[in-house]
Amino acid sequence: MAQIPGQENKEKTTALKGEQLDLLSRIDLDELMKKDEPPLNFPKTLEEFEYAFNEQGRLRHTTTGEAYVFNAREDLHRWNQKRYEALGEIITHYVYQLLETKCNLTKEIVPVDATEEEPRSFIYMSADAMSNPAKLLVLIQGCGVVRAGQWARRLIINQDLDSGTQIPFITRAQEEGYSVMVLNPNENHLEVERPAKPTALPSPEASDEPAEKRERKDDRESKKRRDFYEKYRNPQKESETEQIPIRENGSPEEHVLYAWDHFVSKAAARNVFVVAHSYGGLSLVELLIQREAQVKNRVCAVAMTDSIHNIWHQDASKSIQEWLQQHCRNWVSSPEPLDTPVEPMLSDCPRVSAVIWPPHGHPWYYPTY
């Protein structure tokens with residue numbers, strides 16, 4: 001009997017899928033993920049981690065004096081990553097303490113009328129942020145895990161506090177008579193654990209289902225198990241969560257706009273200056289689009305660092321492009337000497353070379369997150 005063209009290949013493929021599904025079904029993925037892996041219980045303080053920042057602002061082990069080592073346990077990438085994230089959360093709160101104790105900044109809750117029950121965030125401000133009549137510096141970080149006062153978590157951990165935090169900017173500004181506002185564009189939501197879904201019981205009629213329908217179900221089950229297996233190979237959340245947005249601050253762009261409307265625009269300073277890194281540059285351009293006249297009237301100069309804004313995608317007007325040309329500079333990664341003009345990608349703000357420091361090649365502000 002003649003075989004239909006392609007039928008043999010289809011049968012082989014179906015058989016192969018069945019073998020793969022059968023192999024995965026024999027693996028207890030829960031046990032595989034936990035095999036030889038220490039508990040994901042990590043210290044809650046730097047002291048418990050046995051790390052501290054020395055006089056140079058470098059993170060060092062309190063016993064050995066060595067720098068932080070990511071691969072503390074060989075062949076346990078998931079555990080090492082979770083340990084790194086736990087340390088990162090401690091670093092975040094450590095930087096908050098420095099903003100309050102070393103820089104004398106205070107928290108201002110957003111939304112300003114937030115109730116106790118709803119999710120909320122905050123920014124940091126100097127005592128004279130609303131009253132200084134002369135000049136105000138506004139700092140806007142990039143995207144990712146960094147929070148108020150940080151440029152790059154990885155630089156804080158692997159290099160030093162001066163490289164990875166905004167503290168040098170803040171102290172220099174205060175010495176020169178600026179008031180300061182530190183925005184917090186990545187604190188956008190409250191994350192809560194999602195209730196577990198009840199496990200569906202198999203249908204008693206499953207065996208009577210058409211073969212094609214059963215095959216689709218098998219494919220879905222196979223994909224589900226493969227996705228679950230990824231939890232072993234790649235760091236994943238331990239439980240299903242959902243995000244509750246912070247009112248009027250649900251994205252970096254919303255946060256920058258909210259901070260402008262409720263704080264920056266109401267400050268007494270005649271001259272406002274902005275430092276915006278990476279995604280912070282995009283958020284600033286979006287602010288310009290939303291509040292063009294106000295921003296042009298108050299902001300004197302903008303220093304961008306590796307900004308990822310795009311005047312075409314963001315549909316910036318001709319007048320905004322002209323203002324960016326006159327009032328902004330974008331310092332970008334480049335091997336050229338400091339302030340060497342770099343060929344612009346678009347006709348917006350001029351681009352110039354940034355300092356390459358330290359010698360191993362990281363620009364001092366470069367985000368490695």
Side-chain angles (χ1 to χ4, degrees), residues 29-99 141-168 184 186-187 191 227-239 241 277-279 305-306 308 333 354-369:
L29 295 178
D30 269 323
E31 291 305 314
L32 180 61
M33 289 172 64
K34 296 173 184 176
K35 182 176 173 54
D36 299 327
E37 182 181 67
L40 299 176
N41 299 323
F42 300 105
K44 303 299 182 184
T45 66
L46 274 180
E47 292 77 11
E48 293 172 356
F49 249 105
E50 297 186 319
Y51 279 95
F53 287 97
N54 62 20
E55 292 182 358
Q56 292 76 39
R58 300 186 180 118
L59 189 67
R60 293 292 182 266
H61 195 277
T62 52
T63 302
T64 66
E66 295 179 352
Y68 180 78
V69 177
F70 178 86
N71 289 316
R73 302 289 183 96
E74 290 294 331
D75 301 323
L76 288 175
H77 177 74
R78 193 177 86 105
W79 187 89
N80 289 325
Q81 178 67 28
K82 291 293 183 181
R83 175 174 174 266
Y84 176 82
E85 291 170 4
L87 177 61
E89 288 301 309
I90 295 172
I91 295 295
T92 291
H93 291 281
Y94 183 84
V95 173
Y96 290 161
Q97 292 176 12
L98 291 179
L99 294 180
Q141 63 195 197
C143 61
V145 297
V146 289
R147 295 295 184 265
Q150 301 181 53
W151 293 127
R153 173 186 287 182
R154 185 173 176 184
L155 287 183
I156 296 172
I157 294 175
N158 296 326
Q159 191 61 40
D160 55 41
L161 288 167
D162 280 355
S163 300
T165 75
Q166 299 172 351
I167 291 173
N184 198 15
N186 299 322
E187 191 83 19
E191 195 163 285
D227 289 345
F228 187 61
Y229 180 65
E230 287 299 314
K231 292 184 179 181
Y232 177 73
R233 297 199 299 142
N234 299 309
Q236 299 286 341
K237 293 184 182 300
E238 294 304 302
S239 59
T241 60
H277 174 57
S278 187
Y279 201 91
T305 56
D306 271 348
I308 63 170
S333 306
V355 172
I356 301 297
W357 183 92
H360 59 66
H362 281 303
W364 62 273
Y365 58 79
Y366 197 76
T368 43
Y369 306 122

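Please read all numbers here as calculations on a predicted model, not as lab measurements.
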Candidate pair F70 and N158, rule side chain to side chain contact (heavy atoms under 4.5 Å, CB included), full reasoning | CA-CA 10 Å; F70 178 86; N158 296 326; over 6 Å; no

Rounded distance (nearest 0.5 Å) linking atom [atom1] of [X] with atom [atom2] of [Y]:
X    : Y    : atom1 : atom2 : answer
I167 : W151 : CD1   : CH2   : 12.0 Å
T62  : F49  : OG1   : CZ    : 12.0 Å
R58  : I156 : CZ    : CD1   : 15.0 Å
L87  : Y51  : CG    : OH    : 8.0 Å
S163 : R154 : OG    : CZ    : 13.0 Å
R83  : N41  : CZ    : CG    : 14.0 Å

N/O donor-acceptor pair under 3.5 Å between [X] side chain and [Y] backbone:
X    : Y    : result
D306 : S333 : yes
N80  : N71  : no
H277 : T305 : yes

Please lay out, stage by stage, how F42 and W79 fare under the test side chain to side chain contact (heavy atoms under 4.5 Å, CB included).
-> CA-CA 10 Å; F42 300 105; W79 187 89; 3.6 Å; yes

Restricting to non-hydrogen atoms, name the atom on [X] and the atom on [Y] that form the minimum distance, rounded to 0.1 Å.
X    : Y    : answer
G164 : L155 : CA-CB, 3.9 Å
G142 : S278 : CA-CB, 4.0 Å
Q56  : D160 : O-CB, 4.0 Å
Y279 : I308 : CD1-CD1, 3.5 Å

E85, R78, H77 screened by side-chain hydrogen bond (donor to acceptor under 3.5 Å, both in side chains) with Q81, the one that passes | E85

Parallel, tilted or perpendicular: which fits the ring planes of Y96 and H93, with parallel below 30° and perpendicular above 60°?
-> perpendicular

Any idea how Y68 and Y84 line up, ring-wise: parallel (<30°), tilted (30 to 60°), or perpendicular (>60°)?
-> tilted

Ionic contact status for R153 with E89, cut-off 4.0 Å |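 Yes.
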
Quick one: do the T63 and E50 side chains pair a donor with an acceptor below 3.5 Å?
->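 Side chains of T63 and E50: no pair found under 3.5 Å.
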
So, N186 and Q141: side-chain donor and acceptor under 3.5 Å apart, yes or no?
->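 Indeed, the side chains of N186 and Q141 share at least one donor-acceptor pair under 3.5 Å.
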
Reference residue T165; test side chain to side chain contact (heavy atoms under 4.5 Å, CB included); the match among I91, V95, L98, L99 =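 Testing each of I91, V95, L98, L99 against T165, the sole residue satisfying side chain to side chain contact (heavy atoms under 4.5 Å, CB included) is V95.
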
